[in-house]
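Working notes, structure below.
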Amino acid sequence: MSDRSPGEFAGAPRHALEIVRGEGAHLWDSAGRRYLDLGASHGTANVGHANPEVVAALARQARELLQLAGSFASPVRTEFIRALTATLPAPLDRVFLSNSGTESVEAAIKFARSATGRPRIVAAMRGFHGRTLGALSATWRPEFRAPFEPLVPEFAHVPFNDAAALAAAVDDRTAAVLLEPVQGEGGVHPAAEGYLRDARAIASAHGALLILDEVQTGLGRTGRFWALERSGIVPDIVTAAKSLAGGVPIGATVTTGAVESAFRGSHQSTFGGNPLACAAGIAALEYARRERLAERAERLGEIARLRLAGLPESVVREVRGVGLMIGIELRGRAAPHLEALRSQGYLAISGGANVIRLLPPLVISEEDWVGALGALREILGRG
Ligand SMILES: *Cc1c(COP(=O)(O)O)cnc(C)c1O
């Protein structure tokens, strides 16, 4: 008999903090202390924690029907798909629903391979696409990959924001180019002006598809409803998850009729498109649209850029980002600064060892946001 109490494997929490409640941009621990969540629970709380409209939709749907096999039609699924595709450019109107970001990428990889009949996926260095074996094969970080090799064959990585390197890597065996419009986990690196346009042209020239992974950048995060709107291009596949259903697990892979007609084979998910996630998703999309959360992200992001200017160069290497997706790259490790922030009631996350990543709920009040930026200035100014 074991003398240890049971515990979580692999996904065990890294913080001693025990969080019991959330509301808007705030979280409360079990001792009743309040925190401002500057990471939106890893980007899943764009519409705020326990958004009342999402909660009401969930409660209503839970009383009607919790789960339904995808083989039956479901009005709530139909309505969610209509609401989701209404936010995207016209040819992106075929939707596959799953339960997480990594699943949305798995589906994108399968759709691209099947529709093109080609094996190769070209992704970017520093990119992150999830941790199941297919998505992990597109993820860059060696420490995420190495213990699980061999991964799926025919994945290549090129330097991000280098169109010449991308052009050299894409050929007539390439099924798809897979990119984040702003690399999130990799330390908040936005696509350079023109890079996604080049990627679109390079993929098209070789008959390859372009997949944009908007799992983190979607739902208003970058100051547009989708980050792709900033680039002016339309990809063949968009992946979405994280905040898409207001904090309820969901994944969506949105593609075109052309990809759908070329697709051979099958792909399914038992819980994908379940009534609860779809009801939450309808409420989250409606809330984000009506409350103009993208415009809010743009405006609050501008405030951050002004307030984070002029930090000491001995401490801060660079501040970068788009909308409310901001990375502060430090000369040293982020951990001690995150610790100092936490002791003042601010929960921020890192993006790699030396980047503080700010990804607050888009509903954060201007007063709270300015307060957090002031605390950051003070902590980073101390060195
Ligand atoms: C978080 C993330 C994923 C993985 O999502 P999970 O829901 O954790 O599987 C994939 N792509 C991007 C860009 C992400 O930020």
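Start at 1 and go down the list; that is how both ligands and their atoms are numbered.
For ligand 1, the protein residues within 4.0 angstrom (heavy atoms only) are S100, G101, T102, F128, H129, G130, E180, D213, V215, Q216, K242.
E229 has no carboxylate O lying under 4.0 Å from a charged side-chain N of R224, or vice versa, which leaves the two without a salt bridge. Look at E185 and R141 and you find no salt bridge, because none of the NZ, NE, NH1 or NH2 atoms lies under 4.0 Å from a carboxylate O. At a threshold of 4.0 Å, the pair E23-R21 counts as salt-bridged, since one of the basic side-chain nitrogens sits closer than that to a carboxylate oxygen. In this structure, R82 does not pair ionically with E79, as no charged nitrogen and carboxylate oxygen lie closer than 4.0 Å.
Residue P190 comes nearest to R320 through the heavy atom pair CD-CD, 4.3 Å, listed as atom of the first residue, atom of the second, then distance.
The ring-ring contact (aromatic ring centres under 6.0 Å, His included) pairs that include a residue from residues 186-209 are F160-Y195, where partners are two or more places apart or lie in different chains.
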